[in-house]
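Below is one structure, written out as structure tokens; the observations come after it.
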Amino acid sequence: MKSVLVLIVCFSICILPCVSFASSCSGSDYDKAEYYAIKAGETVVSKFGGGHNIRVHMESCSYNSYSRNFNVNISIYWDGVVFHSNKYHMNGDVSMDSNGNGAEFKEAYANDQVEELRSFRKWAGGIIGGVIVLGALSNSQNSNN
């Protein structure tokens with residue numbers, strides 16, 4: 001009987017602290033995750049050449065207190081840069097540490113407009129990159145005036 005009790009105590013002390021569980025974000029964890037989720041969504045849109053009226057919704061959030069990692073599910077909506085009538089939507093999971101570092105976006109869904117934009121960017125190559133750089137220079141010049 002004592003050996004069973006010793007075995008249970010050893011298991012509790014040695015094994016259970018190594019098991020980590022993610023729980024729903026709450027309080028300041030939620031606020032922090034939402035802030036980083038919005039930044040991640042904006043970064044994703046910039047990878048597609050930018051857009052207008054960018055909206056990022058955090059659909060769910062979990063935080064693992066042992067690894068100190070967030071996992072958030074986001075939906076991203078934006079309008080086209082040139083043609084504002086183009087409506088883009090995608091969603092997926094963002095994983096990152098508690099400081100927003102090492103963020104990765106794993107796409108789960110993209111509407112047809114995103115797929116068309118993705119195809120165009122592959123076809124256009126560096127031309128789109130030039131447009132992005134010129135847009136950034138334009139914004140920095142405007143902010144200095």
Taking all non-hydrogen atoms of both residues, which atom of [X] and which atom of [Y] are closest, and how far apart?
X: N64; Y: Y66; answer: OD1-N, 2.9 Å
X: A110; Y: R118; answer: CB-NH2, 3.7 Å
X: V45; Y: G51; answer: CG1-N, 3.7 Å
X: A37; Y: M58; answer: CB-SD, 4.2 Å
X: G41; Y: I76; answer: CA-CD1, 3.8 Å
X: N91; Y: S75; answer: CB-OG, 3.6 Å

Linking I/L/V/M/F/W/Y whenever their side-chain heavy atoms sit closer than 4.5 Å, directly or via other members, would F70 and I38 fall into one cluster? yes
Please determine whether residues F83 and V81 belong to a single hydrophobic cluster, defined as Ile, Leu, Val, Met, Phe, Trp and Tyr linked transitively by side-chain heavy-atom distances below 4.5 Å. yes
From [X] [atom1] over to [Y] [atom2], what is the distance, rounded to the nearest 0.5 angstrom?
X: K87; Y: Y77; atom1: NZ; atom2: OH; result: 13.0 Å
X: D93; Y: E107; atom1: CG; atom2: CD; result: 11.5 Å
X: W78; Y: M90; atom1: CH2; atom2: CE; result: 5.5 Å
X: D79; Y: Y88; atom1: CG; atom2: OH; result: 9.0 Å
X: E42; Y: S46; atom1: CD; atom2: OG; result: 9.0 Å
X: S95; Y: K106; atom1: OG; atom2: NZ; result: 4.5 Å

With heavy-atom distances below 4.5 Å as the criterion, would you say the side chains of [X] and [Y] are in contact?
X: Y36; Y: V72; value: no
X: Y63; Y: K32; value: no
X: D29; Y: D31; value: no

Would you confirm whether R55, through its side chain, and N53, through its main-chain N or O, come within 3.5 Å as a donor-acceptor pair? yes
For C61 and E34: C-alpha separation, side-chain torsions, deciding distance, then whether side-chain contact (heavy atoms from CB on, under 4.5 Å) applies. CA-CA 8 Å; C61 172; E34 186 174 46; over 6 Å; no
List for me each residue that meets salt bridge (Lys or Arg N to Asp or Glu O under 4.0 Å) alongside E59, sequence neighbours excluded, and say none if there are none. none
N101, CG: over 12 other non-hydrogen atoms inside 6.0 angstrom: yes
